[in-house]
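Convention: sequence-line order gives letters A, B, ...; per-chain numbering from 1.
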Amino acid sequence: MTIHNFYDSDTTDQIAKKMLGTLLTYDSPNGLVGGRIVETEAYMGERDSAAHAFNGKRTASNEPLYGPPGTIYIYSIHGRYLLDVATQAKDVPQGVLIRAIQPTIGQEIMYHNRPKHGVELTNGPGKLMGALGIEDKLMNFQIIGDDKLKIDIDNRLEPRQIKTSGRIGVSKGDWTDKPLRYYVSHNPYVSGLTKAEVNIAHFGWK
DNA sequence: ACACGGATATTCT
DNA sequence: GAATATCCGTGTA
């Protein structure tokens with residue numbers, strides 16, 4: 001199965017949900033790193049008041065959102081770099097923000113890239129990029145899976161339960177509270193998860 | 001020049 | 001947990 005089949009004939013919110021449990025990997029200069037995606041958010045394009053392409057806004061920096069499905073869209077905010085993947089046909093600026101991963105590959109390298117303890121390694125969109133060692137926008141416009149940065153959708157882990165909520169950190173607007181954030185219930189690497197919600201025995205996987 | 005954001009770290013109750 | 005402090009690229013002027 002190629003990455004392209006994954007996007008075919010699905011709405012962006014469905015794609016965001018289906019990305020949970022897939023494996024994000026990066027063939028970094030220091031070695032292979034990566035982990036299971038445990039938290040995503042869908043951004044629904046021109047009509048979505050929280051989206052970068054709201055009202056058709058199109059600039060040099062959000063141009064990758066307008067690319068074909070699988071186009072990598074890295075952007076900076078508050079001095080961090082965040083990872084988005086465009087999900088729809090060319091010129092349809094919808095995408096999924098990858099907000100957290102459970103590290104499974106090259107953890108020593110990631111702890112070196114980002115010297116924090118436990119879940120602090122990757123429990124946020126800027127944190128996971130720091131851990132992977134991606135601190136620039138050089139991969140913008142690449143198609144995910146074509147080069148160093150990949151999402152492996154085979155052997156996807158099945159979440160026991162997927163929860164939804166409003167999206168984090170978006171400014172007030174009509175779409176602020178729409179349930180377009182998806183996460184693997186009980187997984188400790190989900191951002192902002194309370195201790196009581198974590199299950200250390202199964203991490204939320206079937 | 002300048003204000004601000006799809007965030008994170010620190011410093012308190 | 002809740003209130004700051006700080007991050008720096010980007011858009012607008």
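- Counting non-hydrogen atoms under 4.0 angstrom, A/Y73 reaches nothing in the nucleic acid.
- Ring centroids of A/Y43 and A/H52 are separated by 6.0 Å or more, keeping the two rings apart.
- Remark: ring of A/Y43 stacked against base of B/dG6; centroid gap under 5.5 Å, plane tilt under 30°.
- Each of A/L138, A/D136, A/D84, A/I134 was checked for a side-chain contact (heavy atoms from CB on, under 4.5 Å) with A/I74, and the lone residue meeting it is A/I134.
- Regarding contacts with the backbone of C/dC8, every side-chain N or O of A/S76 stays at 4.0 angstrom or more from both OP1 and OP2.
- Taking every side-chain heavy atom of A/L65 into account, B/dG6 is the closest of C/dT10, B/dG6, B/dA9.
- Ranking C/dG11, C/dG9, B/dT8 by closeness to the A/P125 side chain, first place goes to B/dT8.
- For A/V170, counting side-chain heavy atoms from C-beta on, the closest listed nucleotide (C/dT10, C/dC7, B/dG6) is B/dG6.
- No side-chain donor-acceptor contact under 3.5 Å links A/S185 and A/E197.
- As judged by a 4.0 angstrom heavy-atom cut-off over every strand, A/E135 is placed among residues making no nucleic acid contact.
- Residue side chain A/Y75 reaches the base of B/dG6 through a donor-acceptor N/O pair under 3.5 Å, judged by distance alone.
- Distances shown here put a side-chain N or O of A/H52 below 4.0 Å from the OP1 or OP2 atom of B/dG6.
- When each of A/G169 and A/K116 is assigned the nucleotide of DNA chain B with its nearest heavy atom, A/G169 is the one assigned upstream, toward the 5' end.
- The nucleotide C/dC7 finds no pairing partner, because no Watson-Crick or G-U wobble arrangement with both distances shorter than 3.5 Å includes it.
- In this structure, NZ of A/K57 is placed 11 Å from P of C/dT10, rounded to the nearest angstrom.
- Taking a pair to require two hydrogen-bonding distances under 3.5 Å in either a Watson-Crick or a G-U wobble arrangement, C/dG1 pairs with B/dC12.
- To the nearest angstrom, P of B/dT8 lies 16 Å from CG of A/N113.
- With a 4.5 Å cut-off on side-chain heavy atoms, A/I105 and A/L23 count as touching.
- Comparing atom distances between the A/L82 side chain and each of C/dG11, B/dG6, B/dT10 picks out B/dG6 as nearest.
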